[in-house]
Protein chains: 2
Amino acid sequence: MTIADPDSATTDHRRRRDPESRPQQILDAALEVFGEHGFAGARTDDIATKAGVAKGTIFLYFPTKDDLFKAVVRREIVARIEDAEQRRADAGDMSARDFLRIFLTNYYATTQGTHALRMLRLVMGELHKHPELARFYGTEVIARAWTLLSSVVQRGIERGEFRPVDPMLAARCITSAFLMHRAWSEPSSPGFPMISHIDSAQLGNDLVEFFIDSLAAHPADRSHTP
Amino acid sequence: MTIADPDSATTDHRRRRDPESRPQQILDAALEVFGEHGFAGARTDDIATKAGVAKGTIFLYFPTKDDLFKAVVRREIVARIEDAEQRRADAGDMSARDFLRIFLTNYYATTQGTHALRMLRLVMGELHKHPELARFYGTEVIARAWTLLSSVVQRGIERGEFRPVDPMLAARCITSAFLMHRAWSEPSSPGFPMISHIDSAQLGNDLVEFFIDSLAAHPADRSHTP
DNA sequence: TGTATATTACTGACTAGTCAGTCACAATGC
DNA sequence: GCATTGTGACTGACTAGTCAGTAATATACA
C-alpha cells in the first residue's frame, strides 16, 4: 500500500495538523480511487487510506461522497482551463503546420500519465449522472478546447495551408483520436495489445503528423495563395 | 418505468414460464442497467424489474452478478464479430474511396442507438476490472475491427488513391472519431451541447467525408498511377 | 376428457455482509 | 485551559445471493 512512511510511528505525520493541504491530499486520492472503480465502486475507506487519513477526516472536508466526487471533477475542470489558457499563446507568424504541431504536442503532453485516463473514465462513465457538473464540464472544458483547436485549424485554412474543412469537425476528430489513443495505450485497456509496441512519445508524433498531413491543402487547391 | 406492458395485470407475463427466452430478456435488461449505472452501481433488483422477472430468477440463470456482467459483454462481442463478418464483403473493383465510404457508413450504422453508447461505457469504464474479458474483447472485437479497416485503407494506398500513411494508425484514428462522436451526440454527454444541432446521419456523412479527404493522395503524389 | 401426480420455472421474504456517514473521544497547538 | 483538527468504532440503510414455498405445465391413468 501507499500509506504512511515508516517513521509515522514516531513523527506521526497523519496527525500533524495541516488543514491547508488536507483537501488536496484527499482529492488526489479520490481521483485515483474513483478513476479506478467508478463512483459507486469506490470506497471512502480506500480513499482515506490512500490519502493517509482516517475516514472521518474526509467527511470533515466534504459533506458527502457525492460532494467529494464533484470536487474532484471541479478541480480537474479548473486545471484544464488553466492548461488551455497557457496553450493559447503566441502564434506569431509561424506557419499553421508548425503552430498546430506545437499546439498538439503540448496538448498530448498534458494528457500524460494515468491521471488523464482516470478523468476520461469518470467523464465517460459517471458524469451523465451529474447533469449540472456535466454541463459545467461541457462548456468549460470541452467546448473551450474544441473552439481553441478549431481556431488554430481555421487560421491554417485562412493562410491557405489547410484544405477548406469544417474546423470544428476537425477539432473534434483530432481530440477523439488523442483521447482514445491515451486510453488505448493503458496496459489495462482492451486495445493495449495492439499498440503496446509503440512508445508514447512516438505515438503522439505519429498522431500529430497524421492530422497535419490530413489537413494539408492539396497543391491544386492552393490557387488563392501567392 | 419501462416495466411490463399495460395488460400485465390480466395476462401476467411475468409469471408466464418461458425458459427459452429468459436469458435474453435478462441480458437485455442487464445491458441497460449496467450501461446506465456501471457494474457496482447497478442493482440486480432493477435488472429484474426491467426484465419483468423476480430477482431470484436472475440467479437461476446466472450464478453471480459478475457472471451476468460477463455474459452481457460476451453476447455483445459475438454480435460485433457477426457485424464484422458481414461488412467484410465484396470490394469488387470499386474505387477505394467508394469502398471506404460504404464501409464506414455501414460501420456508423451499426453503432446507432443508445445500445452502442452503453457498451462503450462498459468497455471504457468497467472492462479493466475483468482482464480476461478485456483480452477477449481486445482480440475479438477491437483488433479485428482495426485490422479490417486498415486493410481497406491499405487497398486504397496500393491503388494510389490514398496517400502513403500507416494504415493501422489511420484505422485507429477513424474508429476513435466515430466512437467518440457517438458518445458525444448522446443528450446526457458533456459534449452534447456543442453538436446537438447536427443530425446523426449528417454527422456520419461529415465524418466519412472528412477522413476520405484526409486520406486522399495529393495530386502531386500520384506519380505511380496511370 | 377430466383429474391426480410429478416436474420444472419462478417468486419474494429473508440472511449475511458491506459501506456511507456519525459521534464520542483523543491529540495537537496556542 | 480550550479551540481546532483528527480518529475509528459504531449505526443504519441498502443489496447480493438464498431457499422454502407457489404456480404453471407435463405426464399418467381413468
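Letters go in sequence order (proteins before strands), and every chain restarts at 1.
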OP1, OP2 of [N] versus side-chain N and O of [X]: anything below 4.0 Å?
X     : N      : answer
A/T44 : C/dC19 : no
B/R22 : C/dC10 : yes
A/Y61 : D/dG6  : yes
B/K65 : D/dA16 : yes

Tell me what B/I58 touches on the nucleic acid: a base, only sugar-phosphate, or nothing, going by heavy atoms under 4.0 Å.
-> nothing
Mind checking A/A48 for me? I need base, sugar-phosphate or nothing, with any heavy atom below 4.0 Å counting as a touch.
-> nothing
Report yes if the side chains of B/E32 and B/I47 come closer than 4.5 Å at any heavy-atom pair, otherwise no.
-> no
Between the side chain of A/Q154 and the main-chain N/O of A/P167, is any donor-acceptor distance below 3.5 Å?
-> no
Any donor-acceptor N/O pair, B/H128 side chain to A/E36 backbone, under 3.5 Å | yes
Measure up the A/F34 and A/F39 rings against each other and bin them: parallel (under 30°), tilted (30 to 60°), perpendicular (over 60°).
-> parallel
Measure from [atom1] on [X] to [atom2] on [N] and round the result to the nearest Å.
X     : N      : atom1 : atom2 : answer
B/F59 : C/dT15 : CZ    : P     : 17 Å
A/I47 : C/dA20 : CD1   : P     : 8 Å
B/F39 : D/dT15 : CZ    : P     : 14 Å
B/F62 : D/dA16 : CZ    : P     : 16 Å
B/H37 : D/dA16 : NE2   : P     : 12 Å
A/K55 : C/dA20 : NZ    : P     : 6 Å
A/Q25 : D/dT5  : CD    : P     : 14 Å
B/L68 : D/dT15 : CG    : C1'   : 15 Å

Go through [options] for me and flag the one nearest to the [X] side chain.
X     : options               : result
B/T64 : D/dT7, D/dG17, C/dG21 : D/dG17
A/L60 : C/dC10, D/dA16, D/dG6 : D/dG6
A/R43 : C/dA20, C/dC10, D/dG6 : C/dA20

Does B/Y108 have B/R182 sitting over its ring (NZ/CZ under 6.0 Å from centre, angle to axis within 45°)?
-> yes
